[in-house]
2 protein chains.
Amino acid sequence: MATSTRRSPRRTEALSRERIVDAAVELLDTVGEGGLTFRALTERLATGPGAIYWHVANKEELLGAATEGVLAAALAAGPPGPAGSPGSAAASGGASGSASAGSPQDGIRAVGLGLFDAVGKHPWLATQLTTQLARSPWGAVTPRIFESIGRHVRALGVPEAGWFTATSVLVHYILGAAGQNAANIASGRALGPGVDRPAFLDSVARAWEELDPEDYPFTRAAASGLRDHDDHEQFLAGIDLVLAGLTAG
Amino acid sequence: MATSTRRSPRRTEALSRERIVDAAVELLDTVGEGGLTFRALTERLATGPGAIYWHVANKEELLGAATEGVLAAALAAGPPGPAGSPGSAAASGGASGSASAGSPQDGIRAVGLGLFDAVGKHPWLATQLTTQLARSPWGAVTPRIFESIGRHVRALGVPEAGWFTATSVLVHYILGAAGQNAANIASGRALGPGVDRPAFLDSVARAWEELDPEDYPFTRAAASGLRDHDDHEQFLAGIDLVLAGLTAG
DNA sequence: ACCTGAACACCGTTCAAGT
DNA sequence: ACCTGAACACCGTTCAAGT
């Protein structure tokens with residue numbers, strides 16, 4: 001199947017589901033969730049809407065496939081966890097954090113950080129994962145996330161009756177915190193080209209400090225704590241809090 | 001059918017921002033997030049789109065107002081008492097303390113249950129709160145939620161450095177679990193009129209038990225635990241896990 | 001000040017028709 | 001089998017015009 005290497009105004013490679021999903025991820029990453037439209041997709045792929053619908057049932061399925069792909073990559077990059085990708089065991093040998101031989105606690109931290117960073121790279125991912133988690137627990141996404149955390153929970157020695165609770169708390173926290181972090185980055189960028197995350201958090205802290213002292217004593221007092229926190233450190237502190245609860249019970 | 005004659009009674013009350021927001025909430029509750037359109041709104045309010053735009057800047061602001069209204073009610077009402085009558089819990093601002101007489105732990109459980117049940121009544125609320133929490137921490141929603149939980153965290157004796165972490169974990173878990181529960185209810189209804197939540201959870205459990213034993217050992221084993229769990233009990237177990245971590249540290 | 005309703009730009013999706 | 005592209009129903013939003 002030697003494809004001609006000549007350049008042409010039209011696309012040279014045949015369309016495929018994979019190419020479409022890749023283009024969707026690219027669009028989501030660069031223009032955001034609202035930027036993924038079939039028109040933008042047809043332009044990028046030099047084709048018509050009908051061609052896309054030949055490979056993909058509808059937009060929901062396309063979003064699902066994009067989510068699954070990015071999630072699988074994020075989980076595979078971490079410790080050797082559950083099903084990486086069906087078929088090929090490629091994974092390019094990455095396994096950056098091969099400290100996976102460590103404790104279950106470290107395993108949970110590693111998976112959490114992997115998801116946290118994946119969401120930082122793909123800000124739309126948090127919303128999408130949350131949606132899939134809630135709307136279709138029978139799909140591929142929910143078991144994959146659940147398993148990636150839950151196997152470490154089990155290794156921790158948590159009694160079986162507590163598995164679901166512990167894994168739920170961890171997963172909800174991880175996705176929530178990751179989504180919030182990603183949004184903070186995006187909001188900072190939106191405020192101006194020179195506004196990075198610390199600058200953005202400072203503006204939020206300032207807003208919180210101006211709240212009514214009568215109604216918002218806690219939030220006002222907690223505002224200053226917003227400023228000088230390392231993303232990862234702050235995120236891991238939340239995980240460790242849950243871990244403390246697990247080993248204390 | 002009455003053809004072009006306008007059968008709906010002509011509007012007797014003047015339009016107002018409040019009436020529009022109320023109609024939006026009603027639409028969200030009955031037809032879901034996708035059902036809130038300006039056309040449905042104009043029909044329900046017997047007016048034109050221009051009239052709505054006179055009172056409300058755009059759809060985003062309308063959704064925000066709907067979210068704020070329902071959230072304020074949920075925080076003011078607290079959890080529905082077992083038999084008693086809360087009557088009106090005035091609570092201007094953060095107060096939210098219908099169960100304020102008890103321990104801080106009970107306070108957190110009460111606020112959590114209040115949010116959990118509000119999301120159960122308004123399934124769109126979880127997504128909306130998460131969005132607001134992430135996208136605009138300077139808005140009204142974020143401080144209100146944060147305060148409602150955080151003041152009890154402080155009362156717990158948690159050192160100030162841990163306030164943000166603890167409150168974040170609790171809030172993310174509460175919204176995540178509430179959203180998942182609401183989606184489960186909706187999914188059960190969607191599957192059929194006779195399918196309630198237990199039946200739906202059973203079908204999910206069955207799906208999980210058919211996963212590949214090699215790739216999903218944990219999820220398979222945890223599946224059976226899905227079946228016979230009381231909503232509230234299960235939800236509170238997650239909160240208690242975090243509380244255990246707080247008092248252990 | 002408040003409301004009307006036609007019009008605009010855009011969206012997801014379909015489908016007869018081509019290769 | 002795979003792709004084309006016009007067409008359809010619908011959406012959020014605007015705005016000159018009315019009261």
Side-chain angles (χ1 to χ4, degrees), chain A residues 1-4 6 8-28 30-67 124 127-128 131-132 135, chain B residues 3-28 30-67 124 127-128 131-132 135:
Chain A
M1 50 168 72
T3 47
S4 111
R6 292 161 205 265
S8 89
R10 288 251 159 231
R11 111 188 136 259
T12 59
E13 256 177 291
L15 216 50
S16 69
R17 189 183 156 95
E18 195 197 351
R19 268 172 53 78
I20 293 170
V21 172
D22 285 350
V25 170
E26 227 177 290
L27 229 30
L28 286 165
T30 54
V31 233
E33 218 152 341
L36 177 61
T37 69
F38 277 82
R39 276 162 181 81
L41 221 42
T42 56
E43 194 184 340
R44 203 176 197 88
L45 294 170
T47 179
I52 296 178
Y53 276 95
W54 175 259
H55 295 277
V56 154
N58 50 40
K59 192 176 183 179
E60 190 184 340
E61 193 196 289
L62 179 57
L63 262 169
T67 303
W124 49 275
T127 303
Q128 221 48 44
T131 302
Q132 299 255 349
R135 272 213 262 277
Chain B
T3 50
S4 58
T5 47
R6 183 171 296 205
R7 60 203 159 93
S8 60
R10 183 124 186 102
R11 191 174 68 243
T12 59
E13 261 177 287
L15 217 50
S16 69
R17 189 183 155 94
E18 195 197 351
R19 270 171 51 79
I20 294 171
V21 172
D22 285 350
V25 170
E26 228 177 289
L27 229 30
L28 286 165
T30 53
V31 232
E33 218 151 341
L36 176 62
T37 68
F38 278 82
R39 275 160 183 84
L41 221 42
T42 57
E43 194 184 341
R44 203 175 196 91
L45 293 169
T47 180
I52 297 178
Y53 276 95
W54 177 259
H55 295 277
V56 154
N58 49 40
K59 192 176 182 179
E60 189 184 342
E61 192 196 289
L62 179 56
L63 263 169
T67 303
W124 48 275
T127 303
Q128 221 48 45
T131 303
Q132 298 255 348
R135 271 212 262 277

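Letters A, B, ... are given to chains in the order of the sequence lines, protein chains preceding strands, and every chain is numbered from 1.
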*First locate atom CG of B:Asp22, then atom OG of B:Ser16, and finally report the distance between them rounded to the nearest 0.5 Å.*
7.5 Å
In whole Å, I'd like the distance from the [atom1] atom of [X] to the [atom2] atom of [N].
{"X": "B:Leu15", "N": "D:dT19", "atom1": "CG", "atom2": "P", "answer": "19 Å"}
{"X": "A:Asn58", "N": "C:dC15", "atom1": "CG", "atom2": "P", "answer": "14 Å"}
{"X": "B:Ile20", "N": "D:dT13", "atom1": "CD1", "atom2": "P", "answer": "13 Å"}
{"X": "A:Arg17", "N": "D:dC3", "atom1": "CZ", "atom2": "P", "answer": "14 Å"}
{"X": "A:Tyr53", "N": "C:dA17", "atom1": "OH", "atom2": "C1'", "answer": "19 Å"}
{"X": "B:Leu62", "N": "D:dT13", "atom1": "CG", "atom2": "P", "answer": "10 Å"}
{"X": "B:Leu27", "N": "D:dG12", "atom1": "CG", "atom2": "P", "answer": "11 Å"}
{"X": "B:Glu43", "N": "C:dG5", "atom1": "CD", "atom2": "P", "answer": "14 Å"}

Please find the pair of heavy atoms, one from [X] and one from [Y], that lie closest to each other, and give the distance.
{"X": "A:Leu27", "Y": "A:Ala40", "value": "CD2-CB, 3.8 Å"}
{"X": "B:Leu45", "Y": "B:Ile20", "value": "CD1-CG1, 3.9 Å"}
{"X": "B:Val56", "Y": "B:Leu62", "value": "CG1-CB, 3.9 Å"}
{"X": "A:Val25", "Y": "A:Trp124", "value": "CG1-CZ2, 4.2 Å"}

*Could you give me the stems involving DNA chain D, meaning stretches of three or more consecutive Watson-Crick or G-U wobble pairs whose two defining distances are both below 3.5 Å?*
C:4-8 with D:12-16, C:12-16 with D:4-8
Got a list of protein N/O to nucleotides 8-11 of chain C N/O distances below 3.5 Å?
| from | atom 1 | to | atom 2 | distance (Å) |
| --- | --- | --- | --- | --- |
| C:dC11 | N4 | A:Arg39 | NH2 | 3.3 |

*Between C:dT14, D:dC3, C:dC3, which one does the side chain of A:Ala51 approach most closely?*
D:dC3
*Quote, to the nearest angstrom, the C1' distance that separates C:dC3 from D:dA16.*
13 Å
*Rounded to whole angstrom, note down the C1' distance from D:dC10 over to C:dA9.*
13 Å
_At less than 4.0 Å, is any side-chain N or O atom of A:Trp54 found next to OP1 or OP2 of D:dC3? Yes or no._
no
*With distance as the sole test, does B:Lys59 use its side chain to make a donor-acceptor pair with the main-chain N or O of B:Phe38 at under 3.5 Å?*
no
*asked:* Is it true that, when you exclude B:Glu60 itself, more than 12 heavy atoms of the residues, nucleotides or ligands shown sit nearer than 6.0 Å to its CD?
replied: no
*Evaluate the side chain to side chain contact (heavy atoms under 4.5 Å, CB included) criterion for residues B:Thr131 and B:Thr67: first the C-alpha distance (whole Å), next the side-chain angles of each, then the deciding distance (0.1 Å), finally the verdict.*
CA-CA 11 Å; B:Thr131 303; B:Thr67 303; over 6 Å; no
*salt bridge (charged side-chain N to carboxylate O under 4.0 Å, His left out) against B:Glu61, all qualifying residues, sequence neighbours excluded*: B:Arg17
_Taking the nucleotide of DNA chain C with the nearest heavy atom to each, does B:His55 or A:Ala57 sit closer to the 5' end?_
B:His55
